[in-house]
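Heavy atoms only: backbone and side chains are in, while hydrogens, waters and symmetry mates are out. Throughout, numbering of the chain's residues begins at 1 and tracks the sequence.
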Amino acid sequence: MFRKILVPFLFFLGGLTTLSWLNLWQLDLSIALGVSARGTALTITVIMAAITLGALWSGRRLESKPPKNPWFFYGVLTVIMGLLAWLPLILTSVIKSGDAAIYQAAPFLNTLFSALMLAVVVGLPSFAVGAVFTLMGVLAKNTGFRLSRLLAAKIFGAAVGTLCVAFVFMPGFGRIQSGIILFGIQLGILGLTWFLGKNAGATKPKSKGDSKKQRREISIISPRVAVWFAALAGFATFALQISWFRLLRSAWLNTVDSTSLMIFVFLVALGVGVWLSSRLRNLGLALSVLLALSAMAIWIGTPFVERFDLWGSAGGSYFGRVLMKLLIALLFMGPGVAVLGMALPWLLDETKSPREWAKIFGIHTIGALIGSLSAGWLLMEKLGPVKTSWIAGIVIVIVAIPQIRAWRGRFELLVPSLMILIVAWWADSGIGESRTQGPTKTLRDPHRVITHKQAPTSTTSVVKTKDGMNVLYIDGYAAGGEFGVNSNYLDAMGRLPMLLHTDPRDALVIGFGAGQTARAILDERPERLTVIDSNAAVFDAAEHFKTNRDVLKSDHVRYRTTDSRNWLRRTSEAYDVVTVVPMPPFIARTNSNYSVEFYEELANCMKDDGFVAQWFPIHLMTPSHSKAIAAAFSQVFPNAILWFDPSNVDMNDIPQQGILLGRKGDTEWELFPGFSRNAEGERPLDFDTVNGNVFLTFEEFAAYIDGVEPVTDDNQILSYDYESLHRQDLSKRLFSGENMVEFFKLKKQFKESQSE
């Protein structure tokens, strides 16, 4: 009984550590190589190819030279994977410096360099992951477990690992210590495999049970059909994951906890399907019939998934929001994923040799790679996520139904399939045509879609609200727009650092939005203005916002689609003024645009007398996060001030939009000497208004962040901190008041200390 529990638990731990490492790799690589469609495609391709090669190598190795102690071999491979898993973090500085050097010398070689580095940092550990998978078949055979049952345990472990990284490891320990914990678990796996290998004789199944099981498991799927089904299952699973996840990112917003919940639901559903596959197979059901049923479940579930943003708001208790998301996702996504997940273990249970296991698994992985790339980089852009989900089901039906031998059986499945597909088509909610997804009341009210674009990494829309305002939405979040006086802070983001400089000639804007910030800088007449954004769609959408006055068409302006940290590392230019307007701090992977390391890279690209402005939205940040961002900013730009837009206030007249202003170096500076220069057109705010809304002076700002832990690439406070996960409530936006209480308490204490 102990071994019956220990063996699945061993694979459960293996799945937990593998998925956890994959999540940490994403974090490391987003910092080392930036966030881009090209980088994502390369990473997926390298990981999938390495896993396939590892499985094929292991299959050959296990047949030609079987290990004397397969359990210990499994443990050793797991530890090797854990050691190699540190490569993305260890080689981050090498990747960054190499990428910058090659970009300046020969930009056309950057893709090749990225591919080679990925082959090392994630390819080698992924190879070990594939090798471990094939070895699972030998261990299943030796212990009397079905391979599908051990695979289910591994998938359930992966699901738990996703939650552990988001809710336990990263919030409690940070990036480096999380890796240490994972490697410690893998060392524990090595110890367990040593114990099982030492007592291997006691784990062998009884021969009588084996013979009965073998009689029940006579293969009914030909090798040719098995290959097609393996590729089909991989293709449909990953195409569906890409399309449904895109819908959920806009419905729930692209936060770390929402992303983790999506992956958790998907993996739990897969695990249930894997667990049930052997039971249904023993009942004599045909896999082709089950695959056709999975297509129907996908078409039934998609109309509900695309409406997740219409059911309730982002408010309520954190536990209530999480529970609601889990329940509705499992209800409408679970059936299709679970039935589709039966295919791979079904086929694996019918194979008997390591080479056959490796072949089936490798083909499934190749199918997954094709499904991921074709959905993300072709179908999504042309058809959108809803129709991409339909395509996944259609491909399943086209491949599966012809494998049903009886024409009557084909007809009995084809007719309801067509009827359900027609209903799904009729129930299409019109995303991108008549509406845009998002968890806010504005998008649940009537609105008109002006433009809508699906890119490999994001969804971008411009809508006209019922109040007549044009608003830019990125993955369901209002990332910019024309809100009248409430948009004044966007002008100030560009104008204030220009007015702090006596002679600004070269300026950089990180984050284009609707273009008002870039326009404000251009109105202050620099010689050159560079605008970068990781989302190319925002540049295409610029024509729909009159307030930017065609800023991108100016001869003084150039714009590039690139990750901010990639640009800062690669460019050889030096800037007088830099303005940073990233996505909000709670959005996944934006932590790196508020960290100490980011500001250090920023300072390296600034001239000695350069000024920087950082968006500081106190309505979207808890007091502790506000201080952490300010502390990171001040660590690199010691003499900093905080300015508030007097026009943008909440219902209680509390300011919402702040701007951090700093200068390179540690000397104090004069406030806004640039007002003596002429600008193009009239400035929205005069000197007295601008000067009068400096809220924290140099001394007050230093007192505000005294003793505060700054945001860093290691601690990832903004993405993974418990307060970030539990306090974020976008529907109420209560943080402005909480922050102001902290500010006024500070100002009172500072005033009292000055008078003593």
Side chain to side chain contact (heavy atoms under 4.5 Å, CB included) between Gln716 and Arg175, intermediate numbers included: CA-CA 8 Å; Gln716 294 286 310; Arg175 167 63 183 91; 5.5 Å; no

Phe361 and His364 aromatic ring geometry - parallel, tilted or perpendicular at 30°/60° bounds: parallel

Side chain proximity check, Leu190 to Thr78, heavy atoms < 4.5 angstrom: no

Flag side-chain contact, heavy atom, 4.5 Å: Leu187 against Val79: yes

Student check: side-chain heavy atoms of Leu139 and Leu10 closer than 4.5 Å: no

Nearest atoms (heavy-atom pairs only) where Ser58 meets Ala131: OG-O, 3.0 Å

Smallest separation among heavy atoms of Ala251 and Phe308, with atom names: CB-CB, 4.0 Å

pair Trp194-Asn69: side-chain heavy atoms closer than 4.5 Å: no

Side-chain heavy-atom pair Pro125, Trp21 within 4.5 angstrom cut-off: no

Check: Trp299/Ser389 side-chain N/O donor and acceptor closer than 3.5 Å: no

Val132 side chain near Lys154 side chain, heavy-atom distance below 4.5 Å: yes

Phe127 and Trp57 aromatic ring geometry - parallel, tilted or perpendicular at 30°/60° bounds: tilted

Side chain to side chain contact (heavy atoms under 4.5 Å, CB included) between Val138 and Tyr74, intermediate numbers included: CA-CA 10 Å; Val138 174; Tyr74 178 89; over 6 Å; no

From Phe304 atom CZ to Met333 atom CE, the distance as rounded to the nearest 0.5 Å: 14.0 Å

Residues Thr255 and Asp257: side-chain donor-acceptor under 3.5 angstrom: yes

Residue pair Leu42 / Ser114: nearest heavy atoms and the distance that separates them: CD1-CB, 4.0 Å

Donor-acceptor under 3.5 Å (Arg279 side chain, Leu283 main chain): no

Distance, nearest 0.5 Å, that separates CG of Leu323 from CG of Leu261: 10.5 Å

Separation between CG of Leu151 and CZ of Phe156, rounded to the nearest 0.5 Å: 10.0 Å

Atom pair CD1 (Ile47) and CG (Leu118), whose distance is rounded to the nearest 0.5 Å: 8.0 Å

Pair Thr351-Trp357, side-chain donor/acceptor within less than 3.5 Å: yes

Closest approach of Gly273 to Met342 (non-hydrogen atoms, all atoms of both residues): O-CG, 3.2 Å

Gap separating the OG atom of Ser258 from the CZ atom of Arg249, nearest 0.5 angstrom: 11.0 Å

Separation of Ile404 CD1 from Leu287 CG (nearest 0.5 Å): 10.5 Å

Atom CZ of Arg589 with >12 non-hydrogen neighbours under 6.0 angstrom: no

Minimal non-hydrogen separation, Gly14 against Ile189, with atom names: N-CD1, 3.8 Å

Within 6.0 Å of NZ in Lys359, more than 12 heavy atoms from elsewhere: no

Distance-minimising heavy-atom pair for Ser178 and Leu24: CB-CD1, 4.3 Å

Side-chain heavy atoms of Phe72 within contact of Pro67, under 4.5 Å: no

Flag, side chain of Ser126 to backbone of Gly123, donor-acceptor distance under 3.5 Å: no

Any side-chain heavy-atom pair of Val129 and Phe133 under 4.5 Å: no

